[in-house]
Amino acid sequence: MNAIIEKINRALAEAETRAAAATDKAAIEQLRIDYLGRNGLFPALSKEMGSVPAEERKETGRAFNAGRTRIQELIDGAMERSGSTAADSVTERPDLTLPGRRRMTGHKHPITMVADECVAVFRRMGFIVADGPEIEDVFHNFDALNTPQDHPSRDEQDTFYFPDGRILRTQTSPVQIRVMESHEPPVRIVAPGRVFRRDTPDATHGMNFHQIEGLYIDRNVSMADLKSVLQTFATEMFGSGVKIRLRPHFFPFTEPSVEYDFSCHMCGGKGCPVCKNSGYIEIAGAGMVDPAVLRNVGYDPEVWSGYAFGMGIERLAMLRYRIPDLRYLYENDVRFLEQF
Amino acid sequence: MDISRKWLADYVTIDCDVATLCDRLTMAGIEVEAVESAGGVPAGVVVGRILERKAHPDSDHMSVCRVDVGGGEVLQIVCGAPNCDAGNVVPVAKIGTVFQTPEGEFKIKKSKLRGVESFGMMCSERELGLSDNHEGLMILDPELEPGTPVDRLFPGDVRIEVEVTPNRPDWLSMWGIARDVSCLLDTEAKLPEVVVPECDTVLPQLVTIEATDLCPRYIGRVVRNVKVGPSPAWLRERLESIGLRSINNVVDVTNFVMMELGQPLHAFDLKRLSGERVIVRRAAEGEKITLLDGREVELGTRHLVIADAEKPMALAGVMGGEFSGVSDETTDILLESAVFFSSNIRATSRELGISTDASYRYERGVDYDMAELASDRALQLILATAGGELGSARMDVNGGRPAEKVIPCRFDRIRSLIGTEVSNERMVEIFRKLHLKVDEITGTGCVVTAPLFRLDLEREADLAEEVARINGLDRIPAVAVTGKMCGSIREDSYARLQALRDKVISLGLFECMHYSVVTLKSALSDSRFERGDLIELKNPISPEISLLRPGLLGEMLGTLERNISRRNLNLQLFEIGRVFCGNPEKFPEERYELCIALSGLRHPERFSAERREAYDFYDLKGLLESLFELANIKRYKFVPADDPRFRKGCAAEVVIEGKTAGMFGEAAGKFTDSWRTPYAVFIAQLSVDVLLGADHGAGHYRALPQYPATSRDVAFLAPAGLEHAEILDFVRRCKLPDLESVQLFDVFVDDKLRAAGKKSMAYEFVFRNAARTLTDAEVNERIEKLRGRLAAELKLELR
């Protein structure tokens, strides 16, 4: 047995006694400093290890490690015992019912919440977000979308015009045109954004509202593809039980055109006040991009086909959060905003 | 458009209930918007057999009957009808039955008639709304079982309101709907038999078309010696079933045929037509006409009129003139069945603000071929209901029948477009059932000829829609979502805006959203802009709200004021939105802006002293600093500035990487002085482009320090005007080795100090070396050197 092992054994015996006697934190900390601290016994011993003859080194090392572990155990044991003593308890329990100091939390506007969610769902399905100007020209908003020259939507009654003949876009569809003009197919985009109609604000209308519109152009795209995207969107937004229903409709920029409904997420399609007892909630329009629109942007409709769909974000938000009046969305009363 | 189920059933067998019919219509693109039961016998009316009739003890004309109403129930009913004889089987309204009458609801109750109790009412046909007959009780089939509900014997009508899309004017008639219903229900649709007498009288002058470009066809014929009077019940009932008012037999027939076949018709009083003829021409400039509704309208050459030899008698396709229509004195009529150019009618209707059932159909397009059948049909019904005799042959003036569209169709192409397996044979069957002509059927395709009532069919894609629609959109199979991506999410501006917005929200702000079109006052509250910089709408909804917002300030002020007036005083708001500028020297036409507003208590949910802390200038400044930290913006500074948007002396310009990013400060008193809040309002307006442009990402990792730091505090009295930044600059210039950071930890001013023009400041200096632990002596030496220089060069009184 060499000198180091002897020192270790002596120290252990001493530490046992001291640990048993240590009841307060200071005494325990002193114990740690004396044996394990930077200038304590064990760091000092470890420096002496180099001088131990090779044949004793293994035994010495084992004793050193065992000793250091034992000291730590003694310290931990003493700590545990002292933990239950009066010194570590408070005299008065805090009133848990007093309000905590909260961080101020921000709130996203419900329109943004829904728009972000829509974008997230469509991104998961491989759509990229595209954007365009809100001050549009008649070509992109109407002509290129195959809107007849005397179509009522072009009226000054319904569309905001500027003196230079441009307009505030009435739909997000001009973004489709701009993307197709500047990109070769395939094209797979969604365009969320603000659109404008010359409507007097009431419970379901505003001078502006938001739409999100999707477009996919590729070879051999079919209505089955459209249906699958809309069905996926419906279940992602409103839950796995929600089914979609397509109904034939008419839009100048799609052929065939459909309107699509979601089965009512409130009643599961049985009929309730939210769906006006029909079991379905009308969402918006969609269809296969009209060959004339494809030709307008220089795509050959014999080679390329695709679908487009759109929906109103306010409408989704009002359905989702049961908001009865669209104007609440633009009043910005903080008691409203903080609910989202 | 309204459909009457009964009326529809005149042309097509409907072997399903109303709910199924409505569902099929909706799913075929004829969207049912409302369904309303009309007429019909009220529930509670049952078949009754009169067992016994006795004279009323106290009345000459009333009888007391005992009536078997089924289920072993025999009721005593007092009745005034002459034919309430024992043995008759009649309708009986039991107690509780509710009749809907024009005067309101009428409920059958137990009653006493001249002292005799009566437990119900026996009914006439009129009382049940089945006819006008009120001469006595309705006598039913004696074989009927007492107790049978009478509404089952005489089902009422159902009015179905449908939305017809503008591409399908052929659905604006019972016959047009019936054609699709026959296809949907796989039954036959049949037109009524039209037989008209022959007439050899040719009146070559009767119809002249001058404006051939606007009127491709005009059929006129004369009927003489008609007796204008009330319409027969069946005709009135049909019109009323879809909400039309009966006027007289001739006018009712023209309306009936329009609703039946979709072809608008007009009947002129022949004797009121100067020269007994009509000329279809453009109006002369300034020519006037008084319309049926009494309005006088001044016309121009853009308007098409039906004139007599002298003046306009009707606004073609829109409305008849006041003096040329059929009246009680009319004996001879000219019956018009014409085709007008749809765009012209639409323009006229819109210009004059007149929409009629006729203009509604004309502006969507009527069927060239139908004009002829409709003319015959109306003639047939006029002769049947108003008498008279045919005064002329059919005078049919036209520019020739337009060519029908011939559409080659590839079966595979249609299948690939609609993504549904439909056999070639099924497609051909669908086309034929829709009354389209199909020729040249091969294994790969066919040639479809679209009849003139289907002007919407032009291309293969249109035929694909017909197949999809009739085959059923619910048969489109569920497939997996597939598609090719066409770019990267990094490119899209939405992701960057979204990220910025999330950062602002994480700082505790509430997102607002305002309209883009604002008032002049709102727009000009942002003093960066003048009237000439604003973009104005040509046709605003109201003249006051006509400008695109040049910044977000104006509407944000409105929201602050609105909240404050509602006693929401604690506000932390922001908006990120598009703003517009018409002056390219100031800003691009469209850009994004960020506006932040703070006012009120910082922590209204806390208690004690913390609760009383209101937002101040440094809250907004700190908020911006935090935002810049989140947005990885490093090179920014705040420069003192003044601007009419802010209280003088309490505003700063934000400069990021040398570019003006915007301003912030305390909102000017001109905005907030009248608001009922004790708290100051702080506003920031920043360019989103500059913020996003300065975000260079999080940068590289820095190694964590291996050695401890040593800190020293220095406190002093400084001249009141000495800024924190000057002290930091000075310290930086001193180039103290190993100085890691300088942290201000106290600024204090009391009355005494203020009077002396001084403030007390205290800083903590932290030293650290990357390679070793600094000794106390080293640090002391450096801090002493610094203290010496602070005292000597900045004239600070060290404490």
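Here is the naming used below: chain letters follow the sequence lines, and residue numbers restart at 1 for every chain.
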Which region of [X], side chain (C-beta onward) or backbone (N, CA, C, O), has a non-hydrogen atom less than 4.5 Å from a non-hydrogen atom of chain B, or is it both or neither?
X: A/R245; value: side chain
X: A/E134; value: both
X: A/F251; value: neither
X: A/P110; value: neither
X: A/T105; value: backbone
X: A/D164; value: neither
X: A/Y330; value: both
X: A/A130; value: neither

Salt bridge (Lys or Arg N to Asp or Glu O under 4.0 Å) pairs touching residues 216-232 of chain A, sequence neighbours excluded, are A/D218-B/K484

Among pairs that include at least one residue of residues 559-570 of chain B, which meet salt bridge (Lys or Arg N to Asp or Glu O under 4.0 Å), considering only residues two or more places apart or in two chains?
-> A/E331-B/R566, A/D333-B/R566

Largest heavy-atom contact set with chain B, pairs under 4.5 Å, which of A/Q157, A/R103, A/M207 | A/M207

Does a donor on one side chain sit under 3.5 Å from an acceptor on the other, for A/H151 and A/Q149?
-> no

Salt bridge present between A/R247 and A/E259 (N-O < 4.0 angstrom) = yes

Look at the aromatic rings of A/F127 and A/Y307 and report parallel, tilted or perpendicular, splitting at 30° and 60°.
-> tilted

